[in-house]
Each structure stands twice: as C-alpha cells, then as structure tokens.
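Atom set for the values below is all heavy atoms of this structure, side chains included, hydrogens, waters and symmetry mates excluded. Numbering of ligands and ligand atoms starts at 1, following listing order.
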Amino acid sequence: MRIMVLGGDGFCGWPSSLHLSAVGHEVVIVDSLVRREIDDELGVLSLTPIAELPTRLTTWLERTGRRIGFEQVDVANEYDRLVALLDDVRPDAVVHFAEQRAAPYSMKSPAHKRYTMNNNVNATHNLLAAVTQLGLDTHIVHLGTMGVYGYESVPVDLPEGYLTVSYPDRNGDVRHREILYPTQPGSIYHLTKSLDQLLFQFYAANDDVRITDLHQGIVWGTQTAETAVDPLLINRFDYDGDYGTVLNRFLVEAAAGLPLTVHGTGGQTRAFININDTVRCVQLAVESGDEVRGRVRVMNQITETHQVAALADIVAGLTGAQVSQLWNPRREAEVNDLSARNDRFLDLGLDPILLQSNLLVAEIEMARDYAHRVDPAKVPAESYWNRDRAAVPEEVLE
Ligand code: NAD
Ligand code: USQ
C-alpha cells in the first residue's frame, strides 16, 4: 500500500514509518519538524541522541534498501501544499500523528493553549478537507487518546468509542441510540482530541470519508526491531517535565539516580501500550482499512492498565530507586479505576507485550546507557493546570 505518515519524525511516527516500510509498504513522511523546535524552546534533548531526519532516511535506505520519502509541510498551516502532495501521492492510507501531544505543554500558558488548539484542530481538519476536496478514497488512521473518555471511576469496561443509550421519546416508547462516548478531557491537549472526534463524525457522515480513530493509551519503551537496526535510527525518548510520560520518566529517573516523581498519592490509573505494539497496531489498522465504511471505526489501542504508584513500585523494585510523592501540578482525580475493552485489536491478531516482559529491564538498561545525557533541571513537572495547582504550598516547596 502507499501510505503517507503525518508526523513521521516523532516518537510514535518514526518507528511506525520504519515498520510499515519494513513490511513492504511504500511510505512518505510528512512532518514540519516542529517537535525538534519545541526541544529547542524547552532547552531539552531526547535522552537518546536522535539523528536529523534526512540522515535517518539515508541510513534506512543503506541498511535495508527501502526508500522512505519525506516532505516538510506544516499540515495545520500549509493547506495548498498538503492538497498538492495528496494529489501527487494519492495514498491508500494516511496515518495522522501530526499533533502537539503533551498535556503539560498544552497547559503551560495561554500561548501554549492556543498553539495546541490551533495546531491540532487545524491539522486534522485540513487533512479531512483536503481528502474530501480531491475526492480520494484514502483511509485516514488517526492517533487519538484514551484520555477522551476521562478518568471517572465507573464500573464498566470502557467500550471502543460508542455507548448505547436508551431514552424515552415523547410517546413514552424507549429509543436506543449509539453515541460517541461522552468525552471528559483533562487538558487542552485532550480537548483537541475530543474535538477531532466530532470532525471525524461529520466527515464520515457527510462525505463518506473512511476513518479509523485509535484511542491510544500511554506509550512506554523506545526501541523497536527497526529502530534498533542502526544507532542512527534510534527513536526519541522524552523524559522532561512536559513531554516525558510517566513510565518512561520513572525509567530515566531511576537510571539517573533521581527519585521517582509520583504526582499526589499515585492513585491515578491509566492505560498503557509498549511502542512495539503501537507500530503493530498501526500496521493492523492500516491493513484492515477495507472494513471501514460508514461510521468512524474506533479502536482502543491499549494492552493493560496500571496505577501510577504501582508502576513506581515496580521500577523501584527493579532498580532500588526512591519514590517521592509530590504536589500534583494537574487537576485530576487523585484516585480512579480504569478498565477498557481492546477486542478489536485482539481480533485483528494483536499479541500484547505486557509490562512483565523483559522489555522493561531492557529499557532500564537503555536508560542507564544514556543517563549521562539527563539534565536533572529538566525533570520537574512545572506546568500547572490552574491557579490552585500553581499555588504550591510553602512546606511543599521546601
Ligand atoms: P511527537 O510530538 O513525538 O510527534 C509528533 C510529530 O508530529 C512530530 O514529529 C512533529 O514535528 C509533528 N507535527 C506536529 N504538528 C505538525 C504539523 N502541524 N504539521 C506537520 N507535522 C507536525 O508525538 P508522539 O508521541 O509521536 O505522538 C504522536 C501521536 O500519537 C499524537 O497525535 C499523540 O496524541 C498520539 N498519542 C501519543 C501517545 C504517547 O504516549 N506518546 C499516547 C497516545 C496517543
Ligand atoms: N504522572 C506522575 N508523575 C510523572 C508524570 C506523570 O505521577 O512524573 C501522572 C500524571 O499526573 C497522570 C499520569 O501520570 O496522572 C499520566 O501522565 P502522562 O504524562 O504519562 O500521560 P498524559 O499526560 O495522559 O499524556 C500521555 C501522552 C498523550 C496521550 C496520553 C494517553 O503524552 O499524548 O494521549 O498519554 S492517555 O493518558 O491514555 O490519555
């Protein structure tokens, strides 16, 4: 298949592009490289030394004989270039990773809120409008988030996207309807993914655009079979207070001899997936595109759920790291239950990699290899969700 990967230079997009190429698809990456600019803005480096994208692509070609194309386009702001490129490539599928994905970054300031909103909603809408304008039958595979469901402790296994509701009509008869699961985003970033869902619902209904929305959990790990082929293909590994996600941060903190940064009691439960499963899920979603007609297909791209404190205990047990309970910069439930269905991916053949696998140990070793690159000043999470959260009590600051 001919596949365009928007955001193919990022943490999920790069290994997914390599994997799609490795299994024989023709891949073109479209990326504005804004994520590398954000590293400069924040004054941080990926734990792992990442090569420039042209070097990555040349290395992949040299090592495998497979060519991946690249066009530097800002999908949110360069609509005409996006249309021209889609018209030229006429992809069977577009995998859309090209959004600002860090919740803390999205909450840092009004400027960061506005950037995240403009970038994410416009990137998604431009893609939908362009595919519609050209009349392409391209299957759009979007990376969404489990965070759209919110983190209420309801004793149900979260369904995959839709909820059947029953309500009495004015004649007293009971009506049944499937609606998008009510969204409860916990950050501006998560809100943009909730808005994306409505854009997808509209374009699927109005223009028959074929769309799969992958509600992905927190991705852990770094390397995949393909990124490990050569050091110049290494994937990025974010650990800083804005882009580092919880488990990967714990691995780096342990490797650097820093305490593990649990927010509050650590009672927050989240869904997780290993990066190797991310790339397989993207492949499965793309290759099953023929079954997508009519309403948006939603698949929960997760393999397990864990509580933050339990993750800290696992990492501390493996490394001897200390665990710190910190003031939580986020407004979020301090404790929640979470369980979600992932039948669609299991039915498509996903064989999940779980935390118990020796991959966790391999990631700790990887973090140790690069621990000398850690800047401890960039570890604290200092993006506060609101005024109350920013009013850190004196005794906590000491
Ligand atoms: P990332 O920031 O590493 O990669 C995103 C890429 O998109 C970057 O290379 C960036 O330069 C590019 N990009 C952003 N805006 C663009 C634009 N307007 N035009 C062109 N390129 C643009 O993020 P990631 O971790 O790879 O996440 C990719 C997607 O997966 C995101 O949409 C995110 O919401 C979703 N996701 C990520 C995780 C996770 O744990 N990392 C979990 C669930 C969902
Ligand atoms: N947390 C800590 N300590 C830390 C970092 C985080 O306790 O050092 C806590 C947070 O308070 C939160 C939980 O861990 O309760 C998860 O935080 P996170 O930064 O790992 O994940 P999140 O902000 O939700 O965002 C990440 C990705 C995002 C993706 C989302 C999937 O950055 O792109 O959409 O995971 S999900 O969480 O399922 O919504």
Atom 35 (C) of ligand 1 sits nearest the protein heavy atom Leu143 CB, 3.9 Å
Closest to atom 11 (O) of ligand 1 among protein heavy atoms sits Asp31 OD1, 2.7 Å
Exercise for the section: Would you check the N or O atoms of Phe250, main chain and side chain alike, for any that come under 3.5 Å of an N or O of ligand 2? Expected result: no
- Message: Quick check on the 6.0 Å ring-centre criterion: do His125 and Tyr203 meet it?
- Response: yes
Q. Of all the heavy atoms in Gly217, does at least one lie under 4.0 Å from an atom in ligand 1?
A. yes
A student checking ligand 2 against Gln216 at a 4.0 Å heavy-atom cut-off should list atoms 31 (C), 38 (O)
Restricting to heavy atoms, the pick from Glu334, Arg330, Glu332 nearest atom 19 (O) of ligand 2 would be Arg330
Short version for Leu6: what comes under 4.0 Å of ligand 1, heavy atoms counted, is neither
| message | Tell me whether the count of non-hydrogen atoms from other residues, nucleotides or ligands lying under 6.0 Å of CD in Gln322 goes above 12. | response | no
So for Val73 against ligand 1, with non-hydrogen atoms under 4.0 Å, the contacting part is backbone
#### Entry: Flag side-chain contact, heavy atom, 4.5 Å: Leu350 against Cys281
yes
min-distance protein heavy atom vs atom 7 (O) of ligand 1 -> Gly7 CA, 3.3 Å
- prompt: In terms of side-chain heavy atoms, does Ser32 have a donor or acceptor partner in Gln72 at a distance below 3.5 Å?
  reply: no
**Message:** I want to check something: taking the side chain as every heavy atom from C-beta on, are Arg341 and Leu158 in contact at a cut-off of under 4.5 Å?
**Reply:** no
The option among Ala76, Ala123, Ser32 carrying the non-hydrogen atom nearest to atom 16 (C) of ligand 1 is Ser32
Ligand 2 to Val308, heavy atom cutoff 4.0 Å, flagged ligand atoms 7 (O), 14 (O)
Ligand 2 to His190, heavy atom cutoff 4.0 Å, flagged ligand atoms 24 (O), 39 (O)
Any heavy atom of Val34 under 4.0 Å from ligand 1? The part involved is both
Quiz item: When only distance counts, is Gly144 in polar contact with ligand 2, meaning an N/O pair under 3.5 Å?
Solution: no
For atom 33 (C) of ligand 1, the closest protein heavy atom turns out to be Arg101 CB, 3.4 Å
Taking only non-hydrogen atoms of Thr245 and a 4.0 Å limit, the atoms of ligand 2 in range are 19 (O), 20 (O), 26 (C), 27 (C), 32 (O)
Does any N or O of ligand 1 fall below 3.5 Å from an N or O anywhere on Thr145, backbone included? no
- Arg293 and Arg210, any side-chain heavy atoms less than 4.5 Å apart: yes
With the threshold set at 4.0 Å, does a side-chain nitrogen-carboxylate oxygen contact exist between Arg56 and Asp9? yes
Checklist line | Salt-bridge present (Asp238, Lys378; N to O < 4.0 Å) | finding: no
Subject >> Any Ser16 side-chain heavy atom under 4.5 Å of Gln283 side chain >> reply: no
Do any nitrogen or oxygen atoms of Gly10 lie less than 3.5 angstrom from nitrogen or oxygen atoms of ligand 1? yes
query: Between Gly144 and ligand 1, does any nitrogen or oxygen pair lie at a separation below 3.5 Å?
result: no
of all protein heavy atoms, closest to atom 3 (O) of ligand 1 is Phe11 N, 2.9 Å
_Are any of the N/O atoms on Asn119, whether in the backbone or the side chain, positioned under 3.5 angstrom from an N/O atom of ligand 1?_
yes
In ligand 2, the atoms that come under 4.0 Å of a heavy atom of Gln268 are 11 (O), 15 (O)
*asked:* If you measure every N or O of Val75 against every N or O of ligand 1, does any of those distances drop under 3.5 Å?
replied: yes
Decide whether Asp277 and Thr303 meet the rule of one side-chain donor and one side-chain acceptor closer than 3.5 Å. no
Logged contact type for Lys193 with ligand 1, heavy-atom cut-off 4.0 Å, is side chain
Of His263, Arg270, Arg249, the residue with the heavy atom nearest atom 13 (C) of ligand 2 is Arg270
Nearest heavy atom to atom 33 (O) of ligand 2, choosing from His215, Glu99, Arg101, belongs to Arg101
Counting from 1 in the order shown, the ligand 2 atoms closer than 4.0 Å to a non-hydrogen atom of Ala103 are 23 (O)
Per-atom filter on ligand 2: closer than 4.0 angstrom to a heavy atom of Thr261 are 2 (C), 3 (N), 4 (C), 7 (O), 8 (O)
Honestly, for Tyr243 the part within reach of ligand 2 (heavy atoms, under 4.0 Å) is neither
Quick look: Tyr151 vs ligand 2, heavy-atom contacts under 4.0 Å, and the answer is side chain
Near Val262 (heavy-atom distance under 4.0 Å), the atoms of ligand 2 are 7 (O)
Asp375 versus Tyr239: any side-chain heavy-atom pair under 4.5 Å? yes
Check your understanding: Mind checking whether Phe200 and Thr124 have side chains closer than 4.5 Å, heavy atoms only?
Key -> yes
of all protein heavy atoms, closest to atom 36 (N) of ligand 1 is Gln216 NE2, 3.4 Å
Notebook entry, point to check: With a 4.5 Å heavy-atom cut-off, do Leu180 and Gln201 have their side chains touching?
Noted result: yes
| Going by distance only, is there an N or O of Tyr189 that falls short of 3.5 Å from an N or O of ligand 1? | yes
for atom 29 (C) of ligand 1, nearest protein heavy atom and its distance come out as Phe97 O, 3.6 Å
min-distance protein heavy atom vs atom 40 (O) of ligand 1 -> Val219 N, 3.0 Å
* Asked: Does the N or O separation between Cys12 and ligand 1 drop below 3.5 Å for any pair?
  -> yes
Below 4.0 angstrom, N of the basic side chain to O of the carboxylate: do Glu160 and Arg297 qualify? no
State plainly whether the residues Lys108 and Asp242 are in salt-bridge range, i.e. N to O under 4.0 Å.
-> yes
Restricting to heavy atoms, the pick from Val252, Ile218, Val219, Asp242 nearest atom 21 (O) of ligand 2 would be Ile218
- Asp240 versus Val379: any side-chain heavy-atom pair under 4.5 Å? no
- prompt: So is there a nitrogen or oxygen of His96 less than 3.5 Å from a nitrogen or oxygen in ligand 1?
  reply: no
Check: Gln100 N/O within less than 3.5 Å of ligand 1 N/O: no
